[in-house]
Protein chains: 2
Amino acid sequence: MRPAGQTALLEAARQEFAERGFGSASIRNIAARAGMSLSAMYHYYSGKQELLHALLDEGMDRYFASVAAELDAVGGHDAAPAERLGAVVAATTRFRAEHAARSNILLLEERSLEAERLERYGRRQAEATNLFRDPIEAGIASGEFHTPYPDEARRGVIAMCNAVAQWYRPDGPLTLGSLVDRHVELALTLVEYRPQRSFAARGR
Amino acid sequence: MRPAGQTALLEAARQEFAERGFGSASIRNIAARAGMSLSAMYHYYSGKQELLHALLDEGMDRYFASVAAELDAVGGHDAAPAERLGAVVAATTRFRAEHAARSNILLLEERSLEAERLERYGRRQAEATNLFRDPIEAGIASGEFHTPYPDEARRGVIAMCNAVAQWYRPDGPLTLGSLVDRHVELALTLVEYRPQRSFAARGR
DNA sequence: CCAACCTTCACGAACGATCGTTAAGTTAGA
DNA sequence: TCTAACTTAACGATCGTTCGTGAAGGTTGG
């Protein structure tokens, strides 16, 4: 279990970074939001950079956990490519919507990382990309996905999911459940998913 | 014609903002990059905020000009919806790739704008969204686009195009021309474009 | 049992550096 | 002589970081 002070600090830093961006964020404000003095913050984190690093790490952990849970729910690596891609798209869309601040930091503040820490983060980002790449390539190989451009389709799907963090508002007209369903459908449309051995139209 | 000093300043500010973000950018660095003193900068722009504002305005002007030119090339508002959407996607993809720094500032630094200037920028952003919305709705109305989710498809197409500014490198394996073509195809796939009165397959 | 000690957690004060901005003055061309 | 273009110098504020201090609480040695 993480100490309460540390959790409060991460939450405060998340808000501050999400609102103003890393460069404009003040660690004095972060400490104040967390209800402690500036120096107390240095007891938990050795500086502004490490605060960002911890935030990105924690965000990545949560994201991978979300996707893994959704993947397990459809049967893990043994599921059909369309099921797996759908699970990844659903988990990603939901994560971007439910953790907008977290996601925006993950997506926008990469450039604020120092060189050494950026290297590690880049590796995790590549893993995240593979979450989409694997089922798409499997679908191409099995003949269920017909897109001639798997790489660009993958990037398109990822971009569509990621953008959710920037525009979706829970109090808007669109239910999160509906959005997730639509994104799954759109992703399957983009990779030109057509079930084999059947001429029946896919359900709407 | 803009004074040379002003142009150099905008270029320097663009680089600095793109590399470090607005918050971390230093106007001293910007002035130095432009080859002038800090105070000389104040002769042209009244401060950091106005520098960002000018940059966003100039970027938007260029973007709209690019799209307008591409739209004109296919026949303007009289062209078929698929042609129009293709033109907008092509122009946007090309713009994001050829003006990556410009685009990233347009896409990421909105939050650094003060309230008053943000209002004006929001209006221009809405106009940009309409560039995609109009042909998509026209395609739905004419029966050539069959997507059940025009709004989410539109957001997906826009996100796909915008993401180009973050990943595309001109020295990479993919030609810009190829990327543009593929994005146009993917966009038409996403809105489920099927030409009317013909069973012939669309060209690949 | 108790005194000495260490670690954890927190504080206020101050460091030097850099920030955005302004003032006052100089130069060069119309 | 007027003005645009540009200079150096300095302003106060805020930045991230460091230092020294000390209260609280558990552990250890005699």
Side-chain angles (χ1 to χ4, degrees), chain A residues 1-58 105 108-118, chain B residues 1-58 105 108-118:
Chain A
M1 196 56 185
R2 229 192 317 250
Q6 206 167 350
T7 306
L9 267 177
L10 281 186
E11 172 63 26
R14 178 158 42 244
Q15 289 179 20
E16 182 85 359
F17 286 164
E19 285 177 15
R20 318 201 192 198
F22 180 80
S24 300
S26 156
I27 57 176
R28 282 179 170 82
N29 265 336
I30 293 173
R33 283 205 206 208
M36 68 180 67
S37 77
L38 174 61
S39 319
M41 200 209 79
Y42 273 86
H43 175 71
Y44 294 102
Y45 297 98
S46 68
K48 196 182 184 183
Q49 265 285 325
E50 193 176 305
L51 216 38
L52 174 62
H53 179 78
L55 227 40
L56 291 177
D57 246 21
E58 186 248 26
I105 295 175
L108 304 177
E109 298 297 355
E110 174 193 344
R111 66 165 156 199
S112 301
L113 267 186
E114 286 168 354
E116 175 198 343
R117 308 184 131 130
L118 189 136
Chain B
M1 197 57 184
R2 230 190 319 246
Q6 206 167 351
T7 305
L9 266 178
L10 280 185
E11 172 63 24
R14 178 157 43 244
Q15 289 179 20
E16 181 85 0
F17 287 162
E19 285 176 16
R20 320 202 191 199
F22 180 79
S24 300
S26 154
I27 56 175
R28 281 179 171 81
N29 266 337
I30 293 173
R33 283 205 204 208
M36 67 180 70
S37 77
L38 173 62
S39 313
M41 200 209 78
Y42 274 86
H43 176 72
Y44 294 101
Y45 296 98
S46 67
K48 199 183 183 183
Q49 263 287 323
E50 193 176 305
L51 216 38
L52 174 61
H53 180 79
L55 226 41
L56 290 177
D57 246 21
E58 186 248 26
I105 295 176
L108 305 177
E109 298 298 354
E110 173 193 348
R111 66 166 156 197
S112 302
L113 267 185
E114 287 167 354
E116 175 199 342
R117 306 184 134 131
L118 188 136

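Note that these values count all heavy atoms, side chains included, but never hydrogens, waters or copies made by symmetry. Residue numbers start from 1 in every chain, and the chains themselves are labelled A, B, ... in the order their sequence lines are given, proteins ahead of strands.
If S46(A) and N29(A) are placed on DNA chain D by their nearest nucleotide, the residue sitting closer to the 5' end is N29(A). For the pair G35(B) and L38(B), both in contact range of DNA chain D, the more 5′-proximal nearest nucleotide belongs to G35(B).
Side-chain contact between E58(A) and R14(A) is present, with at least one heavy-atom pair separated by less than 4.5 Å. The shortest side-chain heavy-atom distance between L113(B) and Q49(B) falls under the 4.5 Å cut-off. Side-chain contact between M41(A) and L51(A): present, with at least one pair of heavy atoms (C-beta onward) separated by less than 4.5 Å. The closest side-chain heavy-atom distance from R20(B) to N29(B) is below 4.5 Å. The side-chain heavy atoms of L55(A) and E109(A), taken from C-beta on, include no pair separated by under 4.5 Å.
Atom C1' of nucleotide dG20(C) and atom CD1 of I27(B) are separated by 5 Å, given to the nearest angstrom. Nucleotide dC9(C) holds its C1' atom 5 Å from the NE2 atom of H43(A), rounded to whole Å. Taking atom CD on Q49(B) and atom P on dG20(C), their separation rounds to 12 Å, with Å as the unit. In this structure, the CD1 atom of I30(B) is 17 Å from the P atom of dT18(C), given to the nearest Å. Atom-to-atom, CZ of R28(B) to P of dT21(C) comes out at 11 Å; the value is rounded to the nearest Å. Distance NZ (K48(B)) to P (dT22(C)): 15 Å, rounded to an integer number of Å. Going from atom OH of Y45(A) over to atom P of dT17(D) covers 15 Å, rounded to whole Å. Computed from coordinates, the M41(A) CE to dC15(D) P distance equals 13 Å when rounded to whole Å.
OP1 and OP2 of dA10(C) both lie 4.0 Å or more from every side-chain N or O belonging to S37(A). Put simply, S26(B) has a side-chain N or O that comes within less than 4.0 Å of OP1 or OP2 on dC19(C).
As judged by a 4.0 angstrom heavy-atom cut-off over every strand, A25(A) is placed among residues touching the sugar-phosphate backbone only. At the heavy-atom level, Y44(B) lies under 4.0 Å from the strands shown only through sugar-phosphate atoms.
Side-chain proximity of Y42(A) to the nucleotides dG16(D), dC11(C), dT7(D) is greatest for dG16(D).
Contact of S39(B) with dT8(D) (side chain to base): a donor-acceptor pair of N or O atoms is detected under 3.5 Å.
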